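Beneath this line is the structure, given in structure tokens, with notes to follow.
Just so it is clear, the values below take in all heavy atoms, side chains as well, and ignore hydrogens, waters and symmetry mates. Start at 1 with the first residue, then count along the sequence. Model, not experiment: these values are computed from the prediction.
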Amino acid sequence: GKAKGRIDTSNPCVTGDTLVAGHGLKPIESLTGQFPKVIGADGEAHEVRAVFPTGTKQVYLLETEAGYRLRLTADHKVWTTNRGDVAAKDLTPEDTVVLRGAEFTGKQHHPASAYAAGAALVGGDMWEGTLTLSFEENERTKAEKVNQLLRDGLKSLTKTPTGWNITCVDWMESAALALLDEHLMELKAEALNMDETASRNLIRGIMDQGAVSKGDRMSVELESETLAFQIQLLLLNFGVKASVKSKTLTISGDDLTRYDECQSIGERWRANFLTGSTTPKVELTDKIKSLTPMGEEPVYDLTDPVTNHF
């Protein structure tokens, strides 16, 4: 899959598909010639002076222990908590980098269709224009909660020999599919730039339908590695670090607590889960794992006049 990291970095260059955190997550190549706001080293959004291509150069895949990835040039400066700015080529497994999420765009999406999109990616069946969500026999309470969430997007909640099925109306399926690339089994750009409520419910749909919990760990196997990286980045927006190995995404320890309590998604249900910002202000970090040469590619840069990092 493509590397689309959110590691705190400085000049000079990253590949065009690198997702830049600002109001949502957008590929840097799509911002060329614009003056967007991006998240700087201080965790605040700053208007950049320029976004521009810098030619074709040798690039490297930088990967952290948790699986965060970024493709960048060898002389690209990466902020570390232990040594300050370090050129990518000089990073070692002893270095710790800062992970930052994006701000939510405020672009409103129907929360129920976002939930349905997430569920469809891991456990929902789509056939003849209908989206059906399935729950085990012992998940009746969860099914009823989802039934309440979907409300006007619902056709029926029915008992089956093995559990419960929720069948959605046609418009719900269409709204969900608008966020998904069914052929690549990943999220479309629109899904990476939703409001907080819709983003929360998209992740919740994935976890409800596909996650397995064991102790202080919750894991979900996704349909593609790219999708796993996309969800990993969306979770950063909520102050939650997740690890990705192949197509499996895992949340554990303190991050699982933040995921569960602050976002009101997962196994604990709260009456106010649909509204309000609950994103905690925490600094997330990770250790460097590797730096691998990837050949030559077109690269881009931007200028943040305040912190010189993005």
Side-chain angles (χ1 to χ4, degrees), residues 110-169 172-173 175-177 179-180 185 187 197-224 227-228 231-232 234-235 238 240 242-275 278:
H110 196 293
S113 64
Y115 180 96
L121 281 168
V122 290
D125 296 321
M126 289 191 181
W127 55 278
E128 297 180 359
T130 300
L131 171 62
T132 300
L133 311 179
S134 300
F135 298 85
E136 300 294 329
E137 179 72 38
N138 62 354
E139 294 182 314
R140 177 171 181 173
T141 299
K142 182 186 289 186
E144 290 175 346
K145 295 282 188 179
V146 174
N147 180 45
Q148 183 181 10
L149 166 65
L150 296 179
R151 287 192 296 270
D152 56 342
L154 179 72
K155 274 186 179 176
S156 62
L157 170 64
T158 57
K159 183 71 176 69
T160 70
T162 59
W164 305 86
N165 277 355
I166 293 177
T167 303
C168 302
V169 296
M172 175 73 77
E173 186 226 8
L177 288 180
L179 301 173
L180 310 178
M185 290 309 295
L187 300 174
T197 296
S199 298
R200 181 188 296 119
N201 281 305
L202 183 142
I203 296 171
R204 178 175 162 182
I206 289 174
M207 295 304 182
D208 278 356
Q209 289 290 301
V212 176
S213 296
K214 185 175 182 180
D216 68 344
R217 298 168 63 87
M218 180 165 62
S219 299
V220 58
E221 184 174 352
L222 298 160
E223 291 293 328
S224 72
L227 176 60
I231 302 306
Q232 185 187 42
L234 284 179
L235 283 166
F238 289 99
V240 175
S243 64
V244 170
K245 186 175 182 179
S246 186
K247 297 185 292 184
T248 300
L249 179 141
T250 301
I251 309 172
S252 61
D254 290 342
D255 290 287
L256 182 58
T257 300
R258 282 195 292 272
Y259 167 87
D260 193 17
E261 293 180 352
C262 297
Q263 305 312 319
S264 300
I265 46 183
E267 289 304 309
R268 299 178 191 172
W269 301 82
R270 293 186 179 181
N272 65 344
F273 70 84
L274 281 180
T275 59
T278 55

So how far is it from [X] [atom1] to [Y] [atom2], rounded to the nearest 0.5 Å?
X	Y	atom1	atom2	answer
D255	T250	CG	OG1	11.5 Å
R200	L234	CZ	CG	12.5 Å
H110	T197	NE2	OG1	12.0 Å

Salt bridge (charged side-chain N to carboxylate O under 4.0 Å, His left out) pairs, two or more places apart, involving residues 158-167: E137-K159

List the atom of [X], the atom of [Y], and the distance in Å for their closest heavy-atom pair.
X	Y	result
M218	A211	CG-CB, 3.7 Å
Y259	L235	CD1-CD2, 3.9 Å
A120	L180	CB-CD1, 4.2 Å
A114	A198	CB-O, 3.3 Å
L179	S113	CD1-O, 4.5 Å

Results of side-chain hydrogen bond (donor to acceptor under 3.5 Å, both in side chains) for S252 - residues two or more places apart only: none

What pairs with [X] under side chain to side chain contact (heavy atoms under 4.5 Å, CB included), at least two apart in sequence or on another chain?
X	answer
D216	none
L222	V122, I206, V220, L227, A228, I231, L249
E223	M185

Flag side-chain contact, heavy atom, 4.5 Å: W164 against E136: no

Test item: M207 and I251 side chains (from C-beta on) under 4.5 Å apart, heavy atoms: yes

Salt bridge (charged side-chain N to carboxylate O under 4.0 Å, His left out) involving E144 - partner list, sequence neighbours excluded: R140

